[in-house]
Amino acid sequence: RHPGPRAGAYIAALQRRQQAEREADEVAEMGTAGGADMEPGETAVGGNRTERECAMAAVELLHFADFAMALMEGACGPGELDCKRRLLSGRAAELHQRFVDAVLVCGGVPGCWASACRNALAPAFAFSLLSAAEIGRVAAELRACGVERLLDPMAGSGLHVALFQAAGLDAVAYDTRP
């Protein structure tokens, strides 16, 4: 499949990083520089299975963001828009959780591509993405304070609202520019 603008920009950033690392490895092999940060044969996406899974989870999120943006542009009326938002936010929550799980297995986003990952994901989903576990802890604290309903006034894609709903709160998404 052809990547949309977000996935394409992320993949291009990874490829530039990978090319720079290859060139650094070649220089290091000639003995004209200290070694590169990565082991020989390791790629910018990661030399081990868990790092590749982490990168692929990020790419899936970005492909989904591109798909969702294209789908939302074709929405007709408020009813159709709300229906599409509900469907999209559920899938976004699933993909986000897959990414969070992969990052936890890796011990964090691998440093060699963390910046590209953050720069690509943040504008597509929100600046700060919370995991389902973090949302669960926040929801528990809110319920302990007697809060049962939640309004996210800057909902963006609606990801956090979907996660709060899954955690049992009556959460509503609102955004002037979803």
Peer 1: At what distance, to the nearest 0.5 angstrom, does CD of Gln97 lie from CG of Leu104?
Peer 2: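 CG of Leu104 is found 8.0 Å from CD of Gln97.
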
Peer 1: Quick check: do Leu95 and Phe99 have side-chain heavy atoms less than 4.5 Å from each other?
Peer 2: no

Peer 1: Are any of the side-chain nitrogens in Glu60 or Arg98 under 4.0 Å away from the carboxylate oxygens of its partner?
Peer 2: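 The answer is yes: the pair qualifies as a salt bridge.
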
Peer 1: Locate the shortest heavy-atom distance separating Leu142 from Leu150; write the atom from each residue and the value.
Peer 2: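 The pair with the smallest heavy-atom distance is CD1-CD1, 4.5 Å.
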
Peer 1: Where the side chain of Glu53 meets the backbone of Ala102, is there a donor-acceptor pair that is under 3.5 Å apart?
Peer 2: no

Peer 1: Does the side chain of Tyr174 reach to within under 4.5 Å of the side chain of Asp152, using non-hydrogen atoms?
Peer 2: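 A side-chain contact under 4.5 Å is absent here.
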
Peer 1: Could you tell me if the side chain of Glu94 sits less than 4.5 Å from the side chain of Arg91, heavy atoms only?
Peer 2: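 When only atoms from C-beta onward are counted, Glu94 and Arg91 do touch, with a gap below 4.5 Å.
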
Peer 1: If you take all heavy atoms of Leu169 and Glu148, which pair is closest and at what distance?
Peer 2: CD2-O, 3.6 Å

Peer 1: How long is the span from the CG atom in Leu159 to the CZ atom in Phe164, to the nearest 0.5 Å?
Peer 2: 10.5 Å

Peer 1: With the side chain counted from C-beta on, respond yes when Glu134 and Val138 share a heavy-atom pair under 4.5 Å apart, and no when they do not.
Peer 2: no

Peer 1: Looking at Val161 and Ala171, what are the two nearest heavy atoms and their distance?
Peer 2: CG1-O, 3.6 Å

Peer 1: Would a hydrophobic clustering, with Ile, Leu, Val, Met, Phe, Trp and Tyr connected at side-chain separations under 4.5 Å, put Leu163 with Val100?
Peer 2: no

